[in-house]
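Have a look at the structure below before the remarks.
First listed ligand is number 1; within each ligand, the first listed atom is number 1. Owing to the predicted nature of the structure, the values given are computational and were not obtained by experimental measurement.
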Amino acid sequence: MNTSVIGYPRIGKDRELKFASEKFFEGQLSEQGLLDAAKAIRKEDLLAQKEAGITYISSNDFSFYDNVLDTACLFNIIPQRYKDLGLSELETYFALARGYQGNKGNVKALAMKKWFNTNYHYLVPEIDNDTVISLSGTKPVDEFTEAKELGVDTKVALIGPFTFLKLAKFTGSKKIADVSSVLTSEYIKLVSKLASAGAGLIEFDEPYLVRDLDAADIALFKDIYLQILENKNGTKILLQTYFGDIRDIYSEVIKLGFDLIGLDFIEGTKTADLIKTYGFPEDKILVAGLVNGKNIWRNDYKKTLSVLNETGIGNVVLGTSCSLLHVPYTLASETKLSADYKKHFAFAEEKLTELNEIASLAGSGYENSDVYKKNQALFEGRIDSVDKEVQDKVAAITDADYVRLPEFSEREKIQKEILSLPLFPTTTIGSFPQTQDVRKNRQEFKKGLKSKEDYIEFNKNKIAECIKLQEEIGLDVLVHGEFERNDMVEYFGEHLNGFIFTEKAWVQSYGTRNVKPPIVWGDVSRKEPITVFWSKFAKSCTDKPVKGMLTGPVTILNWSFPREDISIKESILQIALAIRDEVLDLEANGINIIQIDEAALREKLPLRKSDWYSEYLDFTIPAFRLVHSKVKPGTQIHTHMCYSEFTDIIPAIDAMDADVITFEASRSDLQILDSLKENNFKTEVGPGVYDIHSPRVPSVEEIVTALTRMRQKIEDSKLWVNPDCGLKTRGNEETKKSLINLVEAAKTIRG
Ligand code: GLN
Ligand code: ZN
């Protein structure tokens, strides 16, 4: 059986691309130096796959920043304001990705969005009335040729035109229909160029097909591909889909002239059924995505082989479920994890071995092979993963545990009396600037260069300073500043049983930013109080209310590699119970305002609307309630989300039953406010009054204007005044100035 990989990680085993790019941005590395570094990474990636014996290896899966941006540049979809800067091609590319501020001008970056249901982000291409779509770049051809020179005959991976158009933003009067035929003909030119360069197989990635499609979408897709498939120029075409099944269009897709069709059997819950119902044409090859490109657990060969058998299709290639970009490079870099743990994981490199092993086992009679038996032994249990007590606690949860009493309106009155805050209370989202000294303190403590006493002493001083600053500024609800945290998930994971951590398991989030998600290994419980010490100390420094600061269960799980042996729901409930212990502990220690951040709640919302509740919100929202349902009526629960894109799930957000929610609003059009009003949103709200993603200090007038607009939609008694998000990436000076203006604006409005 042949094997196929959709894409390989491209940041370099030791994050070489990040470091080279950053040096280039700082002017310490030449353009040629960066190009060379990239070439070395591509070479290593290609050869790793070749040596592993993969049949279909992609070229053009590399990117300096993002493949959607690469595609936009390939077809000259570059807004004039970037061209006007007069920069080199590579500099223009980075200006689109990161913005440009310098002697040639000042332009913001293109908007960035989450890539489907992953934590990877793409840049949103902009198409305006002046856009002239034309094949102006050569990246796919160059990278194909480069691979060929290395002795690797690749398939060329392209983001398909349908997905590209669906993700693009149309800023002028033109719509998809006005540009789709031009774009299609430019893709056809590209196919012809690739054919001339010797490419035999071209992969069109069309993940958008796994979303809800309407008749117009289906017509558009067919229209585009009928043309491309008529102009294959002797190449073979692979339609590659991922992140779900293509239930809305499967029956149409199999009628088109694709040579190979790639389907996702991991997230595509209906993929096997679709094949059963509609069949699979004999003249085509199925690329069966059965090796999970998103998670790090070993593949269960028994399951995979039985799915392969059940399809009953002869022409099958075994593939990854999506690009391996979403998993780390290799377990070989993990020097601290013992073999008892490591043997259960497969990162990108180990997945290549899995593809090979499964492909060689496929057929019949594999049950007696050693490879198969060794694999199956992995699923008989893992050390340190079972905690009967935790499982019993989850089993004992009743409906009442999900309900906080008394109901919101009554609590609101009680809290107003106890807290006696002014109208339009002012607060922040939690973190204060993580300056060099703050990070150094943590690092030195972690490396054993600093004693625990000194580490704590440093943080206490920071907290005391931070409280004093907030008092001087005149904020109403204070925070301790989060100086003890590197990151809002890892910090909690470290204090919970059941989590394990890696050294180098980096995954690209966007551009040069990578994340290192913890792994949920076993049943989760709280090891010890996590934040209580810091919050208590902060409270001892002031007479004003101090808000405790936690990360919620949905965010903790969404930013980790989840287990595959129990359901996501069960894992989230375990984490919810652990965080609940912390909430009750904070309350018992006199902290009567507690914020539970759910920054990543929306992120894993299923790609199809019809699955939103049944497969996600129906258990994530109750899990959040479980965390706070047992607090006293007078304890005020806040939550925070890093975006306001929840217009379509407002009732679910209200059903979290928090007392206050803060969210990003300053960069959006405040349309969310209309929706809150229409939906009779009961929770008190703090739509961010200024953008913390830039060092700019907002003026008092500006904040007053924002608040005035908010008051038209939100009752005065429900409106809070706060920035967009945490201040950890900001400097001290701008933070102080901005918050002074924020408090001044609140006072103005009160007046
Ligand atoms: N409390 C966190 C902070 O202020 C929230 C971070 C986030 O929303 N991403 O940093
Ligand atoms: Zn945030």
Side-chain angles (χ1 to χ4, degrees), residues 112 114 119 121 426-435 438-439 442 459 462-463 466-467 469-470 475 477-493 495 509-510 513 515 517 530-531 534-535 538 546-560 579 582-583 586 591 593-604 624 627-628 636-646 653 656 658 660-668 672 685-694 720-732 734-735 738-739 742:
M112 194 165 67
K114 277 192 186 294
N119 192 21
H121 301 69
T426 54
T427 191
T428 62
I429 307 305
S431 56
F432 266 69
Q434 291 255 334
T435 42
V438 173
R439 274 178 279 151
R442 270 199 321 262
N459 275 348
K462 273 283 164 187
I463 292 174
C466 184
I467 293 285
L469 175 72
Q470 294 173 78
L475 287 155
V477 173
L478 315 192
V479 295
H480 76 284
E482 301 183 17
F483 303 110
E484 74 288 356
R485 326 193 169 164
N486 35 0
D487 141 336
M488 62 189 292
V489 169
E490 190 172 322
Y491 179 74
F492 286 87
H495 291 79
S509 173
Y510 62 88
R513 188 171 153 75
V515 293
I530 307 170
T531 59
W534 307 118
S535 290
V546 170
K547 179 161 70 164
M549 198 57 61
L550 306 175
T551 304
V554 187
T555 298
I556 291 182
L557 192 82
N558 284 355
W559 283 346
S560 304
I579 300 298
E582 183 72 10
V583 167
L586 283 170
I591 308 295
I593 304 183
I594 301 167
Q595 179 173 310
I596 307 161
D597 291 324
E598 281 295 14
L601 187 129
R602 196 187 192 284
E603 190 171 307
K604 291 275 155 76
F624 183 86
V627 176
H628 69 86
Q636 189 171 64
I637 299 295
H638 290 218
T639 189
H640 165 72
M641 291 186 185
C642 286
Y643 44 77
S644 52
E645 280 178 14
F646 51 75
I653 302 295
M656 291 166 81
V660 182
I661 177 168
T662 57
F663 52 85
E664 181 209 307
S666 66
R667 283 186 301 176
S668 56
I672 178 84
V685 290
V689 294
Y690 77 89
D691 177 11
I692 60 89
H693 302 85
S694 113
W720 285 66
V721 183
N722 46 264
D724 254 4
C725 191
L727 300 162
K728 67 175 166 215
T729 56
R730 296 274 59 88
N732 280 329
E734 75 235 26
T735 294
S738 301
L739 291 177
L742 177 144

Just jot down the ligand 1 atoms closer than 4.0 angstrom to any heavy atom of [X], in number order.
| X | result |
| --- | --- |
| Asp597 | 1 (N), 2 (C), 5 (C) |
| His640 | 8 (O) |
| Cys642 | 7 (C), 8 (O), 9 (N) |
| Gly726 | 3 (C), 4 (O), 10 (O) |
| Gly430 | 4 (O) |
| Met549 | 1 (N) |

Compute the shortest N/O to N/O distance between Trp559 and ligand 1 and return yes if it is under 3.5 Å, no if not. no
Are any of the N/O atoms in Ile429 less than 3.5 Å from those in ligand 1? yes
How long is the straight-line distance from [atom2] of [Y] back to [atom1] of [X], given to the nearest 0.5 Å?
| X | Y | atom1 | atom2 | value |
| --- | --- | --- | --- | --- |
| Leu742 | Tyr690 | CG | OH | 6.5 Å |
| Asp724 | Ser694 | CG | OG | 10.5 Å |
| Ile692 | Ser431 | CD1 | OG | 7.5 Å |
| Cys466 | Glu482 | SG | CD | 9.5 Å |
| Leu727 | Thr428 | CG | OG1 | 6.0 Å |

Distance-only, no hydrogens or angles: does the Asp691 side chain make a donor-acceptor pair with backbone N or O of His693 under 3.5 Å? yes
Check: Thr551 main-chain N/O paired with Tyr491 side-chain donor or acceptor under 3.5 Å: no
Considering non-hydrogen atoms of the protein only, which is the closest contact for atom 6 (C) of ligand 1, and what is the distance? Met488 SD, 3.6 Å
For atom 10 (O) of ligand 1, the protein heavy atom that lies nearest, with its residue and separation: Ser431 OG, 2.7 Å
Could you tell me if the side chain of Val660 sits less than 4.5 Å from the side chain of Trp720, heavy atoms only? yes
So the angle subtended at the Zn ion (ligand 2) by Cys642 atom SG and His640 atom NE2, rounded to 10 degrees, is 120°
